[in-house]
2 protein chains.
Amino acid sequence: MAASEYSLRRALVEKQSSIESQGNAVRALKASNAVKADVDEAIEKLNALKLEKSSIEKQLQAAVSGNPDGSVNKEAFRQAVVNTLERRLFFIPSFKIYRGVAGLYDYGPPGCAVKSNVLAFWRQHFVLEENMLEVDCPCVTPEVVLKASGHVDKFTDLMVKDEKTGTCYRADHLLKDFCNEKIQKDLSISAEKAAELKHVLAVLDDLSAEELGAKIKEYGITAPDTKNPLSDPYPFNLMFQTSIGPSGLSPGYMRPETAQGIFVNFKDLYYYNGNKLPFAAAQIGQAFRNEISPRQGLLRVREFTLAEIEHFVDPEDKSHPKYSEVADLEFLMFPREQQVSGQSAKKIRLGEAVSKGIVNNETLGYFIGRVYLFLIHLGIDKDRLRFRQHLANEMAHYAADCWDAEIESSYGWIECVGIADRSAYDLRAHTDKSGVPLVAHEKFSEPKEVEKLVIAPVKKELGLSFKGNQKKVVEALEAMNEKEALDMKSSLETKGEVEFYVCTLGENVTIKKSMVSISKEKKKEHQRTFTPSVIEPSFGIGRIIYCLYEHSFYMRSSKAGDEQQNVFRFPPLVAPIKCTVFPLVQNQQYEDVAKIISKSLTAAGISHKIDITGTSIGKRYARTDELGVPFAITVDSTSSVTIRERDSKDQIRVNVEEAASVVKSVTDGHTTWADAWANFPHHSSGSVED
Amino acid sequence: MAASEYSLRRALVEKQSSIESQGNAVRALKASNAVKADVDEAIEKLNALKLEKSSIEKQLQAAVSGNPDGSVNKEAFRQAVVNTLERRLFFIPSFKIYRGVAGLYDYGPPGCAVKSNVLAFWRQHFVLEENMLEVDCPCVTPEVVLKASGHVDKFTDLMVKDEKTGTCYRADHLLKDFCNEKIQKDLSISAEKAAELKHVLAVLDDLSAEELGAKIKEYGITAPDTKNPLSDPYPFNLMFQTSIGPSGLSPGYMRPETAQGIFVNFKDLYYYNGNKLPFAAAQIGQAFRNEISPRQGLLRVREFTLAEIEHFVDPEDKSHPKYSEVADLEFLMFPREQQVSGQSAKKIRLGEAVSKGIVNNETLGYFIGRVYLFLIHLGIDKDRLRFRQHLANEMAHYAADCWDAEIESSYGWIECVGIADRSAYDLRAHTDKSGVPLVAHEKFSEPKEVEKLVIAPVKKELGLSFKGNQKKVVEALEAMNEKEALDMKSSLETKGEVEFYVCTLGENVTIKKSMVSISKEKKKEHQRTFTPSVIEPSFGIGRIIYCLYEHSFYMRSSKAGDEQQNVFRFPPLVAPIKCTVFPLVQNQQYEDVAKIISKSLTAAGISHKIDITGTSIGKRYARTDELGVPFAITVDSTSSVTIRERDSKDQIRVNVEEAASVVKSVTDGHTTWADAWANFPHHSSGSVED
């Protein structure tokens with residue numbers, strides 16, 4: 001695609017220049033009063049060139065905007081989904097009567113039920129299944145914790161201000177918008193210019209404040225609303241800041257992630273787990289991100305629910321006992337190499353990815369597999385789900401490997417779960433800052449003999465030579481790593497003395513043989529002490545739910561064909577309500593039966609709704625299809641009722657006493673609708689639905 | 001008690017003065033060289049008086065500190081509970097490795113499980129059972145919302161500062177501590193002084209900043225740590241403040257309650273409910289309160305989980321369709337009148353309290369009953385639970401009635417649930433501030449004829465007389481209420497003119513008959529528009545859980561009698577783990593059976609733990625008793641196993657295949673342990689437990 005775009009841009013420029021020369025030729029012919037036939041021929045040629053140019057422009061247009069029809073359809077599809085979601089109160093812009101706040105949304109009743117189903121399943125699938133230690137820590141977090149984690153210094157976006165109005169923008173967004181706009185709408189730019197803009201887009205995340213500022217200046221980008229000049233970019237910290245207690249002396253932040261609450265508790269949790277590794281801790285809770293100017297609706301918000309797992313493991317043994325249970329799963333993976341070489345995601349067997357070293361280790365692989373199963377069970381379309389490996393420049397320097405579960409939506413591929421092997425970084429950072437060692441021990445079954453490097457400075461000799469600097473020299477000698485020390489040892493043995501750089505003094509000193517003894521000694525050790533690695537699957541619950549909405553939504557014509565009806569094909573697991581109960585017509589006897597069934601459903605723990613309004617049954621079905629309710633029980637006699645399945649619209653007939661248990665069995669996943677369809681008489685609805 | 005304390009204080013003062021005069025008498029005898037027998041007699045009398053004084057002091061001491069032994073026991077009991085909770089990670093002081101933050105606590109694994117069980121039951125008992133509309137709104141809230149609710153102006157505590165160090169204290173706490181200390185420890189104060197201090201304690205919550213400051217000055221109260229002088233009291237807002245977005249121009253707060261998120265959504269929720277009343281909305285979420293200096297451990301925290309219900313109802317019809325289901329409940333109630341007249345809480349049938357008007361209305365009564373059932377099911381001791389009505393001075397001016405579910409703990413009676421009829425206050429406040437009418441409509445089945453007052457100012461006449469002031473006079477006339485208008489009408493008819501005060505002009509004007517027409521006209525109305533009343537049960541989840549810990553905790557001797565063992569008698573509903581599975585001895589066959597049972601338990605959705613450590617079975621029981629695990633399955637053969645109940649320590653023997661289903665049936669509440677005990681052979685444990 002990129003190559004074809006490049007050649008199209010070149011062709012366009014060439015065609016333009018042909019048109020210009022042909023235009024000149026026409027004008028010259030006219031000026032020289034050439035014969036009409038010649039002039040006509042030249043004009044015809046010019047028009048042909050113009051037609052060719054227009055055809056190239058169309059091709060280029062198609063090339064740069066992907067599939068232009070597709071993109072229009074995507075917008076329209078999204079609008080249909082979002083309209084339905086908002087009209088049926090899956091979500092509500094928060095504080096709407098006060099004109100709302102960008103990036104804050106409420107879950108209305110059905111949205112709240114979906115969220116609570118997703119979280120219950122998350123707990124079942126991860127916490128219970130793996131015996132994880134679930135904790136629940138506050139959102140308010142003192143500064144010292146987020147200083148240690150790096151968030152106070154580095155959790156920033158680069159911001160520019162409209163120099164006249166003070167309105168704030170994300171610097172990278174402005175540059176991104178400029179480049180995209182230019183590439184997609186300005187067909188006159190040269191192929192080289194287009195390539196340059198594409199390169200800027202590719203490296204956007206890596207640009208420093210200075211580089212971003214330079215590009216903004218170079219391209220003459222101004223404030224989108226006013227066209228005023230913009231300030232230089234500067235970092236804005238994305239944490240909501242507050243103050244703990246009344247003194248004003250204890251700064252705090254609303255946590256940007258839940259993970260830190262787990263890390264600081266490592267010591268207690270390790271003890272709780274019988275001082276054994278591996279184990280995982282988990283947390284579900286609110287996190288906050290004070291976006292500069294939120295875009296992308298429900299995907300980019302200022303407050304959101306995270307579900308995070310921190311799996312602590314011995315860095316020397318990242319195997320997983322249940323790995324074999326997921327090794328045969330096969331799904332779309334997008335390894336680093338495929339991305340760099342311009343290929344696309346492809347189906348890989350997880351076990352192969354791990355054994356080939358594409359995925360760093362078994363435990364990471366196990367969680368990738370479990371995340372895949374989790375998302376598929378919720379109803380995410382497996383063909384629009386891929387696991388993308390972070391490129392080297394995306395990954396923190398300490399991370400061993402990192403994969404994002406990305407779900408394709410109308411906004412493109414959206415990162416919904418991050419699964420990272422963060423090595424020992426977090427526990428080390430809090431150990432350093434707090435002084436409390438967050439480490440694990442491996443007791444040896446019998447003591448091990450180990451060779452240890454022993455550096456013994458001879459303080460008396462050093463004191464005689466270096467006087468007041470003695471202490472600094474001693475510290476520098478003791479701080480040598482094994483290689484440095486052994487090099488010094490051999491130099492001292494051969495030459496008797498050696499030059500040694502003491503960084504705290506900022507100069508070289510001469511170390512003589514008598515000043516230090518370096519040796520390797522054998523010692524017995526009873527245990528090994530180490531900082532565990534942490535493998536972190538982190539779930540953006542709101543994003544998963546939004547993508548699920550898009551993957552579940554479809555429209556179908558009413559039977560009469562006169563209107564489009566909206567349906568969410570939620571699996572029973574996530575459906576906000578599992579079942580509705582309707583008396584076919586308003587009638588006391590039918591209502592009584594409906595109430596009896598409702599009671600059995602409540603007793604069986606099936607969330608449902610009883611609707612005794614006189615609305616037509618077709619309208620009632622349409623209304624609940626739009627909420628994604630999978631089953632509807634219609635009471636049309638006092639002895640038996642029908643059960644209708646949402647997507648097939650098929651109906652079976654069951655006895656009143658059985659109704660609740662049939663629905664329970666299918667919604668709990670013990671049987672399927674196909675089983676029910678096979679076991680019960682079918683009911684033909686006639687024209688009831690419309 | 002108060003009366004006896006009063007007379008004891010008087011007796012003490014009298015005795016002291018008798019001692020003084022007797023002392024003088026002794027000195028006088030000695031000075032006059034009286035005979036030894038007389039002196040001895042006088043001294044003997046003095047000593048007798050001193051003995052009597054000492055006896056009165058002891059009685060007074062006992063009187064003022066309630067039951068002094070009891071209070072020591074309470075402290076010791078609390079310490080035992082809290083130690084167990086902290087050791088077993090039910091809770092963890094947040095950010096402990098950084099020395100923590102006062103008023104912030106984590107739920108560790110078992111605490112988190114208890115919380116999640118309590119919330120799941122809350123959802124079942126309230127949201128599902130009553131078809132409530134659950135919503136989920138952000139914690140970050142823009143200022144305008146909390147301005148409307150009154151929190152920005154009134155959610156404050158009075159604070160004083162140490163004038164030298166700047167340390168902050170809650171003014172009422174200092175005054176309270178001073179009064180309590182004086183009453184309990186200083187036996188020399190007069191009965192009148194003691195009565196005064198008690199009065200101060202009684203009215204503490206009603207004191208203004210000035211009154212509090214005056215008392216602090218009068219009593220010479222200084223900073224507790226430094227004895228430095230204190231500033232005057234001033235209000236400190238208890239909300240955590242922050243800033244939304246990067247501009248610094250949009251102040252926001254972390255919500256102090258979840259209720260406002262529901263109120264601002266009233267219009268959408270009413271529509272979602274088919275524009276029908278009554279309906280209830282519910283929300284579970286974090287709330288924040290930036291305490292000046294948190295005390296009372298887990299009960300007074302800076303961040304907590306609230307579960308709130310807002311039940312919207314027609315103010316003219318506060319009946320409840322399911323009221324009869326709770327009317328026969330009988331439990332401890334503490335109506336206003338009993339409190340004022342110094343009586344104590346007593347058992348009242350809920351139906352009686354409602355019918356006698358002690359509880360304002362049926363819906364309020366219904367929720368009081370449902371809250372009672374909720375708390376009892378969780379395991380709260382019904383003899384340490386009372387519903388206390390707010391006194392007139394505790395209640396907001398707009399509230400119709402308010403009751404707190406108070407649970408007795410080692411800290412005294414703790415407010416855990418507030419159940420208030422807040423009338424139309426909240427919806428009106430947001431209507432006024434936002435301009436969006438948050439109202440409901442009652443459609444009449446047929447149009448109603450109503451008499452309406454019509455005030456029609458004759459603008460031309462008024463203009464001639466009042467010129468530029470005409471508009472203000474017109475507005476004042478139109479703003480008259482019915483009585484004022486009818487009075488004016490009759491005056492105009494009898495006298496032809498009337499003096500009328502126009503507040504916007506600040507003066508009287510003369511209104512003549514020609515200037516206004518006042519009449520009552522009949523109109524047809526099709527609906528009634530009104531602001532619904534809201535009845536709000538609001539649950540402090542953390543407080544309920546803490547009280548539940550205290551009510552569930554007990555200690556018992558080990559069989560050998562050599563140590564005290566801790567037990568939490570949680571009902572299966574809230575127990576963090578429902579069941580443990582132990583092989584009796586380390587043995588591959590037993591372990592295999594344990595794993596088979598574990599799989600069945602997982603499939604049945606029963607949270608459990610398998611323990612294959614070699615620890616003695618007695619120790620393993622003790623360990624899980626301390627976590628409140630209700631059942632333990634011990635594998636001591638490959639065909640059958642024992643199930644032990646935590647509190648009775650009774651054991652039954654069941655087949656391996658039945659084990660999971662027996663435990664499931666009892667933990668789900670479908671059967672009881674007594675049923676199981678009746679149906680299965682008993683197992684005698686011998687000396688296994690110790």
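Chain naming here is simple, since letters A, B, ... match the order of the sequence lines and numbering starts at 1 in each.
- For a residue to count as touching a neighbouring chain, one of its non-hydrogen atoms must lie under 4.5 Å from one of that chain's; by this rule B/Phe240 touches chain A with backbone and side chain alike.
- Interface check for chain B: of the options A/Leu133, A/Val264, A/Val135, A/Ile97, the most heavy-atom pairs under 4.5 Å are formed by A/Ile97.
- Only the side chain of A/Leu438 comes within contact range of chain B, with at least one heavy atom under 4.5 Å from a heavy atom of that chain.
- For the options A/Ser94, A/Cys168, A/Cys112, A/Pro246, heavy-atom pairs under 4.5 Å to chain B are most numerous at A/Pro246.
- Looking at B/Pro110, both its backbone and its side chain come within 4.5 Å of chain A, counting heavy atoms on both sides.
- At a 4.5 Å heavy-atom cutoff, the contact between B/His608 and chain A is made by backbone atoms alone.
- B/Val140 touches chain A through backbone and side chain together, each having a heavy atom under 4.5 Å away.
- When heavy atoms are compared at a cutoff of 4.5 Å, B/Arg99 does not approach chain A at all.
- The number of heavy atoms from other shown groups lying within 6.0 Å of NZ (A/Lys267) does not exceed 12.
- Contacts of B/Leu269 with chain A are made by both backbone and side-chain atoms, with heavy-atom separations under 4.5 Å.
- Both the backbone and the side chain of B/Glu134 come within contact range of chain A, each with at least one heavy atom under 4.5 Å from a heavy atom of that chain.
- B/Lys433 touches chain A through backbone and side chain together, each having a heavy atom under 4.5 Å away.
- Between A/Pro138 and B/Phe95 the shortest side-chain heavy-atom distance falls below 4.5 Å.
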Tell me, with the steps shown, if A/Asp106 and B/Asn265 meet side-chain contact (heavy atoms from CB on, under 4.5 Å). CA-CA 9 Å; A/Asp106 299 342; B/Asn265 281 329; 2.8 Å; yes
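- With a threshold of 4.5 angstrom between heavy atoms, B/Ile292 approaches chain A through its backbone and through its side chain.
- Residue A/Lys599 qualifies as open at atom NZ: its count of foreign heavy atoms under 6.0 Å is 12 or below.
- Environment of OH in A/Tyr271: sparse, with no more than 12 heavy atoms of neighbouring residues, nucleotides or ligands closer than 6.0 Å.
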Please determine whether side-chain contact (heavy atoms from CB on, under 4.5 Å) holds for the pair A/Gln241 and B/Ser243, giving the CA-CA distance in whole Å, both sets of side-chain angles, and the decisive distance to 0.1 Å. CA-CA 7 Å; A/Gln241 191 172 4; B/Ser243 192; over 6 Å; no
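- For the atom pair A/Asp136 CG and B/Phe91 CZ, the distance stands at 14.0 Å (nearest 0.5 Å).
- For a residue to count as touching a neighbouring chain, one of its non-hydrogen atoms must lie under 4.5 Å from one of that chain's; by this rule B/Met132 does not touch chain A.
- Heavy-atom pairs under 4.5 Å with chain B were tallied for A/Gln124, A/Arg123, A/Gln286; the largest tally goes to A/Arg123.
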Derivation and outcome, side-chain contact (heavy atoms from CB on, under 4.5 Å), residues B/Lys96 and A/Asp268: CA-CA 10 Å; B/Lys96 194 170 133 181; A/Asp268 279 339; 2.7 Å; yes
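- With a 4.5 angstrom heavy-atom cutoff, B/Phe288 touches chain A only via side-chain atoms.
- Between chain B and the options A/Asn131, A/Val301, A/Thr602, A/Ile244, the largest number of non-hydrogen pairs under 4.5 Å is found for A/Ile244.
- A/Tyr98 places none of its side-chain heavy atoms less than 4.5 Å from the side chain of B/Pro142.
- A/Phe236 approaches B/Gly245 most closely through the heavy-atom pair CZ-O, 4.1 Å.
- Contacts between B/Thr242 and chain A at a heavy-atom distance below 4.5 Å involve backbone atoms as well as side-chain atoms.
- Annotation: maximal heavy-atom pairing with chain B below 4.5 Å, among A/Gly111, A/Gly252, A/Ser116, A/Ala282, occurs at A/Ser116.
- Counting heavy-atom pairs closer than 4.5 Å to chain B, the top residue among A/Gln283, A/Lys609, A/Gln260, A/Arg302 is A/Arg302.
- Interface remark: B/Glu129 contributes side-chain atoms only to the contact with chain A (heavy atom separation under 4.5 Å).
- For a residue to count as touching a neighbouring chain, one of its non-hydrogen atoms must lie under 4.5 Å from one of that chain's; by this rule B/Thr141 touches chain A with backbone and side chain alike.
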